[in-house]
Amino acid sequence: MDLGEIDLDHTLSCGQAFRWRKQEGLWKGIVAGDEVVLRKTGDEVDVQTSLSDRAVRQYFRCDDDTEAIFADIRKDRYVARLLRQYHGLRLLRQDPWECSASYILATYANVPRIIQMVEKVCRAFGTKLSEGTYAFPTPDQILKKRDRAGTCGLGYRCDRFVEFARSVHEGEVDFGSLKRASYLDCIRELVRFDGIGNKVADCVAIFSLDHLEAFPIDVRIGRVLEQRYGVQGSYRKVGAWAREHFGCYAGYAQEFIYYDQDARNRTVNKRR
DNA sequence: AACCAGGTCTCGA
DNA sequence: TCGAGACCTGGT
């Protein structure tokens with residue numbers, strides 16, 4: 001399948017999605033309740049899955065005009081370098097429920113632990129797809145066995161997680177309308193839920209609701225903005241600056257910066 | 001063995 | 001609206 005210019009390693013290991021693993025040169029993941037196996041074959045990607053081509057292309061945001069987007073966020077030397085260095089890094093379009101529930105778990109935890117928590121949740125509640133592989137659970141599946149949540153090592157995120165599942169199950173969230181809403185309205189709605197603050201709301205907005213101007217600011221991004229651009233202040237203020245500077249696709253720039261910081265950490269750890 | 005993590009919540013100014 | 005502290009738990 002032609003997924004456009006994409007580097008699977010960059011795209012699937014950059015920390016935006018938590019259910020992809022590289023095994024023996026293959027990328028294996030679970031998308032929309034289906035197993036997906038990816039293998040790079042020259043310019044194209046061999047995709048093994050029962051998902052439709054349309055669903056796969058939607059997940060990998062093949063509808064994005066990346067050339068135009070990258071041209072638009074190339075506002076300075078730094079981003080220009082990152083675009084070159086991490087050529088083929090793409091954003092994904094994740095399922096809004098899975099994305100928001102996962103990022104509620106992602107607060108104040110490192111990526112390995114987030115992956116661990118999500119995995120435990122899938123094993124505790126999700127539909128078994130094959131030996132050792134489970135789908136991300138639906139809100140309903142979580143509620144039916146809610147007492148199992150305590151065994152997933154979620155810490156103080158546990159109650160928020162179950163409560164959010166209840167909210168979604170009760171129809172208190174309409175992801176479709178959040179997609180159609182303006183970025184600011186979308187964020188305003190999301191932060192009303194326990195466990196979703198500015199940062200998580202931005203992650204959900206960009207990774208699953210097509211609000212590409214969302215610019216999640218974690219500690220690392222905050223440091224880069226301060227040291228490289230001399231910007232600091234409240235979350236709202238810095239975010240507004242980023243959208244002003246990088247434009248309506250600011251979120252794409254954010255992902256390159258985040259990945260670069262992540263890569264730096266990895267090389268530093270290797271030396272030790 | 002400490003330190004820290006893709007932050008959020010609560011509370012007070 | 002903003003800044004300061006507390007916070008489950010496990011990886012490194």
Side-chain angles (χ1 to χ4, degrees), chain A residues 10-21 82 86 89-92 94 96 98-121 123-124 148-165 167 184 187-209 211-212 214-227 231-242 250-272:
Chain A
H10 291 160
T11 301
L12 300 175
S13 72
C14 73
Q16 57 178 323
F18 304 113
R19 303 218 63 203
W20 287 96
R21 315 276 187 272
L82 299 183
Y86 306 118
L89 170 61
R90 304 275 297 267
L91 285 178
L92 299 171
Q94 302 180 234
E98 176 172 341
C99 185
S100 45
S102 296
Y103 273 92
I104 283 176
L105 300 183
T107 62
Y108 204 43
N110 53 31
V111 174
R113 185 171 175 210
I114 298 167
I115 290 172
Q116 170 97 299
M117 287 189 280
V118 171
E119 190 59 36
K120 282 186 177 174
V121 161
R123 284 173 184 273
R148 287 194 187 185
T151 68
C152 298
L154 308 183
Y156 59 76
R157 307 164 192 79
C158 190
D159 291 345
R160 299 171 176 176
F161 181 74
V162 175
E163 169 59 15
F164 185 66
S167 294
L184 254 25
I187 298 300
R188 212 190 334 270
E189 283 300 309
L190 287 172
V191 297
R192 289 171 34 194
F193 295 95
D194 194 20
I196 301 184
N198 289 309
K199 156 70 170 57
V200 169
D202 270 334
C203 288
V204 175
I206 189 184
F207 296 140
S208 74
L209 296 173
H211 291 291
L212 299 187
F215 192 89
I217 303 166
D218 60 28
V219 284
R220 290 184 194 169
I221 297 291
R223 275 197 289 268
V224 171
L225 259 34
E226 185 174 344
Q227 291 170 6
V231 181
Q232 53 184 326
S234 69
Y235 190 96
R236 296 290 176 87
K237 184 182 163 189
V238 177
W241 178 89
Y252 251 104
Q254 187 274 357
E255 204 52 29
F256 276 87
I257 296 171
Y258 178 83
Y259 187 58
D260 182 48
Q261 292 304 109
D262 194 46
R264 282 162 177 270
N265 263 13
R266 282 200 297 267
T267 58
V268 168
N269 289 334
K270 262 182 195 171
R271 284 175 194 161
R272 290 178 182 165

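Just so it is clear, the values below take in all heavy atoms, side chains as well, and ignore hydrogens, waters and symmetry mates. Numbers restart at 1 for each chain; the letters A, B, ... are given by sequence-line order, proteins then strands.
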Expressed in angstrom and rounded to an integer, what is the separation of A:E163 atom CD from B:dT8 atom C1'? 15 Å
Closest non-hydrogen atoms of A:D218 and A:I221, given as atom of the first, atom of the second and distance, are OD1-N, 2.8 Å
Separation of B:dG7 C1' from A:R236 CZ (nearest whole Å): 14 Å
Whole-angstrom distance between C:dA6 and B:dC4, as gauged at atom C1': 15 Å
Please work out which of the three classes, parallel, tilted or perpendicular, describes the rings of A:H10 and A:Y86, given edges at 30° and 60°. perpendicular
Take atom C1' in C:dT9 and the same atom in B:dA1, then report the distance between them in whole Å. 16 Å
Please work out if A:D262 contacts a base, only the sugar-phosphate, or nothing of the nucleic acid, heavy-atom cut-off 4.0 Å. nothing
Measure from CD1 on A:I114 to P on B:dC4 and round the result to the nearest Å. 17 Å
Output the rounded distance in Å from CD (A:Q232) to C1' (C:dC2). 14 Å
What is the distance from atom OG of A:S100 to atom CD of A:Q94, rounded to the nearest 0.5 Å? 10.0 Å
Could you tell me how far B:dC9 sits from C:dG10 if I compare only their P atoms? Round to whole Å. 22 Å
A:R21 atom CZ, over 12 foreign heavy atoms within 6.0 Å: yes
Partner nucleotide, any strand, of B:dG6 [Watson-Crick/G-U, under 3.5 Å]: none
Without decimals, in angstroms, what is the distance between A:I104 CD1 and B:dG6 P? 18 Å
Are A:Y108 and A:Y156 an aromatic pair by the rule of ring centers under 6.0 Å? no
Side-chain contact test, heavy atoms from C-beta onward, threshold under 4.5 Å: evaluate it for A:L190 versus A:L209 and give yes or no. yes
Any base atoms under 4.0 Å from A:Q261, or only sugar-phosphate, or nothing? Heavy atoms, all strands. nothing
Between P of B:dA5 and CE of A:M117, the distance in whole Å: 14 Å
Using the 3.5 Å cut-off, write out each protein N or O paired with an N or O of nucleotides 8-10 of chain C and the distance between them.
| unit_1 | atom_1 | unit_2 | atom_2 | d |
| --- | --- | --- | --- | --- |
| C:dC8 | O2 | A:R157 | NH1 | 2.8 |
| C:dC8 | N3 | A:R157 | NH2 | 3.3 |
| C:dT9 | O4' | A:R113 | NH2 | 3.1 |
| C:dT9 | O2 | A:R113 | NH1 | 2.3 |

Base-pairing mate for C:dC8 - Watson-Crick or G-U, with both contacts under 3.5 Å: none
Given side chain to side chain contact (heavy atoms under 4.5 Å, CB included), test A:R220 with A:R223 step by step and report yes or no. CA-CA 5 Å; A:R220 290 184 194 169; A:R223 275 197 289 268; 3.9 Å; yes
May I ask you to say what A:Y258 touches in the nucleic acid, namely base, sugar-phosphate or nothing, with a heavy-atom cut-off under 4.0 Å? base
Once you round it to whole Å, what is the distance between P of C:dG3 and CD1 of A:I217? 13 Å
C1' spacing across the pair C:dC8 / B:dC3, given as an integer number of angstrom: 15 Å
Value in whole Å for how far the P atom of B:dG7 lies from CZ of A:F164: 18 Å
From A:L91 atom CG to A:Y252 atom OH, the distance as rounded to the nearest 0.5 Å: 4.5 Å
Non-hydrogen side-chain atoms of A:F256 and A:C14 separated by less than 4.5 Å: no
Can you confirm whether or not the ring centre of A:F215 sits under 6.0 Å from the ring centre of A:Y258? no
Show me the protein contacts with nucleotides 9-13 of chain B, counting only N or O atoms at under 3.5 Å.
| unit_1 | atom_1 | unit_2 | atom_2 | d |
| --- | --- | --- | --- | --- |
| B:dC9 | OP1 | A:D194 | OD1 | 3.2 |
| B:dC9 | OP1 | A:G195 | N | 2.7 |

